[in-house]
Protein chains: 2
Amino acid sequence: MASPLTRREVNREATLVDIRQQARELLVADGPAGVTLRPIARAVGLTAPALYRYYDSREDLLLDLIADLYDELSTSMERARDSVPAEDLKGRFMAVTMSFRTWARAHPREFELVFATPLGDPGQCKDARLEACGQRFGGVFQGLFVELWMRRPFPVPADHELDPRLRDQLHQWATDNAIPLPLGALEVFLVCWVRLYGMISLEVFGHLSFALTDVDPMFDAMLAEVANQLGLPEYAEHAPRLNRR
Amino acid sequence: MASPLTRREVNREATLVDIRQQARELLVADGPAGVTLRPIARAVGLTAPALYRYYDSREDLLLDLIADLYDELSTSMERARDSVPAEDLKGRFMAVTMSFRTWARAHPREFELVFATPLGDPGQCKDARLEACGQRFGGVFQGLFVELWMRRPFPVPADHELDPRLRDQLHQWATDNAIPLPLGALEVFLVCWVRLYGMISLEVFGHLSFALTDVDPMFDAMLAEVANQLGLPEYAEHAPRLNRR
DNA sequence: CGTAAACAGTGAACGGCGTTAATCACGGCG
DNA sequence: CGCCGTGATTAACGCCGTTCACTGTTTACG
């Protein structure tokens, strides 16, 4: 049988993607503040109030846009990962990380919207969608990290070396998400995440320009350092196939 | 002789600080987007167009507000530093760093405005004032770092270990600002800055909540790690006076 | 098949926004 | 005193998000 979607539903879906597309073009052109209803509506061939048939509010539309961008980023990172053979874990790690940075530099406005919009003080996300998107995004790093550790464990702090308060939180996190890693490895993961995010957002927001005109070499150096900490030897750099399992 | 300020000029100055004060209250209450002219004017006892006697535009007012916040942060960091005896460099380092984080956590809206507002793509700051404020802010860390290295040098990468592209930029930076440090030390400085900024902005923007409910212990751990890298021994923790000069 | 309900869309309107223009009052200086 | 720069006002323009009353069109059901 054919699709159970009525003609109206398919139209609706098309309009929805059209709206998001135009919203994004505005975002790119004028920044987050430039994403306003009337120009979006005009570009889609509607009037502003019509958008309320699709979103409860501008805020709601923005949330959907953020989710879209999150997904795009996650997809591009996954693709970068899968473009490297599964045995070459260092290659995959590098590919994913550089894909993150590449996306951020190519889409600073989008990066700003996704990563520098405070998620409200209630500690919870504003939206379950975003929670899921963040999960997927983090999962790319996390999955790679787990695989990395499983295949060839690297030195991590022992449990007793961790601050008990930190240890408890890491334990909670590990059990909640069934992450089969020692707590020390989780701490290493977080430290890596901090360095990666810190570097990229500093770069995108221009807070490294006081010292550097081109962040590339410093980013490469940081990546190499992190890779080293993760037990990914340097000699595999130009011959990634060497470290067979 | 009395002040060369006419009564009008002193009034003007008072109104200016009043404006910034009210603007900040709006910032705290409603976030950057809530800083709008009419409510500010109302709170100061004026109408919106009157503000144009004081600022060219809302943007200009925001810039001044940012500069104010920058200064407040710098001042509080300097005070934290000076509250620790000059010989206790580790204590000063800790004090300054924690003061930064404390300010960011206590003023998330302000932090967002100051640190997550992209400074325009032209590479240059929008404003010379901000340049100066950033200089002062960074100077607190930088001054401490220089003093640290001068008094007791810690291991840093040698010049030939640095990526030539990175080395050249660091050299440029060092000569432009007359920083009497080896290039490797500058790289260490940047890495520390990345970790510090990364951690704090991740915390403020809620991008660590996926794993941690309380960032305190992880921040402490990072601080300890950084201090260690900077040759600040741990045993000074509870007896900061031990390492006399 | 026909009809009622659900849906998509419109134009008008409200209050608020940044900003400009015309206008008035007054303090400081010659 | 007179004059000019300054501080402040009101009115207005065009934009914004959002609501409301209203009109067609599509879907679903008896």
Side-chain angles (χ1 to χ4, degrees), chain A residues 1-27 29-66 109 113 117 126-127, chain B residues 1-27 29-66 109 113 117 126-127:
Chain A
M1 63 183 179
S3 75
L5 288 95
T6 149
R7 157 173 51 161
R8 208 146 54 177
E9 283 168 324
V10 54
N11 251 21
R12 181 182 178 82
E13 233 44 49
T15 306
L16 270 170
V17 324
D18 204 4
I19 289 175
R20 283 194 290 261
Q21 154 105 24
Q22 302 300 337
R24 176 157 184 188
E25 290 185 10
L26 278 177
L27 171 65
D30 305 331
V35 183
T36 63
L37 296 190
R38 271 178 251 257
I40 296 176
R42 204 174 305 129
V44 186
L46 292 177
T47 60
L51 296 181
Y52 283 79
R53 294 276 169 200
Y54 297 88
Y55 291 101
D56 286 345
S57 65
R58 179 190 115 112
E59 180 69 13
D60 200 38
L61 194 161
L62 273 187
L63 246 45
D64 224 39
L65 182 55
I66 293 180
R109 280 6 235 269
L113 185 63
T117 300
K126 293 177 183 172
D127 195 293
Chain B
M1 60 183 176
S3 75
L5 290 96
T6 150
R7 162 172 43 162
R8 211 150 48 177
E9 284 168 323
V10 53
N11 250 23
R12 182 181 177 80
E13 236 39 52
T15 306
L16 270 169
V17 323
D18 204 5
I19 289 175
R20 283 194 290 260
Q21 155 104 24
Q22 301 301 335
R24 175 158 185 186
E25 290 186 9
L26 277 178
L27 170 65
D30 305 331
V35 183
T36 64
L37 296 191
R38 272 176 249 258
I40 295 176
R42 205 174 305 129
V44 186
L46 292 176
T47 60
L51 296 181
Y52 284 79
R53 291 279 166 198
Y54 298 89
Y55 291 101
D56 287 344
S57 65
R58 181 192 114 112
E59 180 68 14
D60 200 38
L61 194 160
L62 273 187
L63 246 46
D64 223 40
L65 182 55
I66 293 180
R109 274 17 230 269
L113 185 63
T117 300
K126 294 176 181 170
D127 194 293

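Each chain gets a letter, A, B and so on, in the order its sequence line appears, and its residues count up from 1.
The nucleotide range of DNA chain D contacted by chain A, defined by atoms under 4.0 angstrom from heavy atoms of the protein and reported 5' to 3', is D:dC16 to D:dT27.
For the side-chain hydrogen bond (donor to acceptor under 3.5 Å, both in side chains) test, residues two or more places apart in sequence or in another chain that qualify with A:Q21 are A:E25.
Closest heavy-atom contact between B:T36 and B:A33: CG2-O, 3.7 Å. When all heavy atoms of A:P32 and A:L113 are compared, the pair lying nearest together is CB-CD1, 4.1 Å.
A:L16 has its side chain within reach of A:E13: a pair of non-hydrogen atoms, C-beta onward, lies under 4.5 Å apart.
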#### Entry: Under 4.0 Å protein heavy-atom contact, by nucleotide of nucleotides 6-19 of chain C - B base, S sugar-phosphate only
BBBBBBB----BBB
Output a table of donor-acceptor pairs, distance under 3.5 Å, between side-chain atoms of residues 41-58 of chain B and any protein atom two or more places apart or on a different chain; print 'none' if there are none.
{"unit_1": "B:Y55", "atom_1": "OH", "unit_2": "B:R20", "atom_2": "NH1", "d": "3.3"}
{"unit_1": "B:Y55", "atom_1": "OH", "unit_2": "B:D64", "atom_2": "OD2", "d": "2.8"}
{"unit_1": "B:S57", "atom_1": "OG", "unit_2": "B:E59", "atom_2": "N", "d": "3.4"}
{"unit_1": "B:S57", "atom_1": "OG", "unit_2": "B:D60", "atom_2": "N", "d": "3.2"}
{"unit_1": "B:R58", "atom_1": "NH1", "unit_2": "B:V35", "atom_2": "O", "d": "2.4"}

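Atom CD1 of B:I19 sits about 8.0 Å away from atom CD1 of B:I40, to the nearest 0.5 Å.
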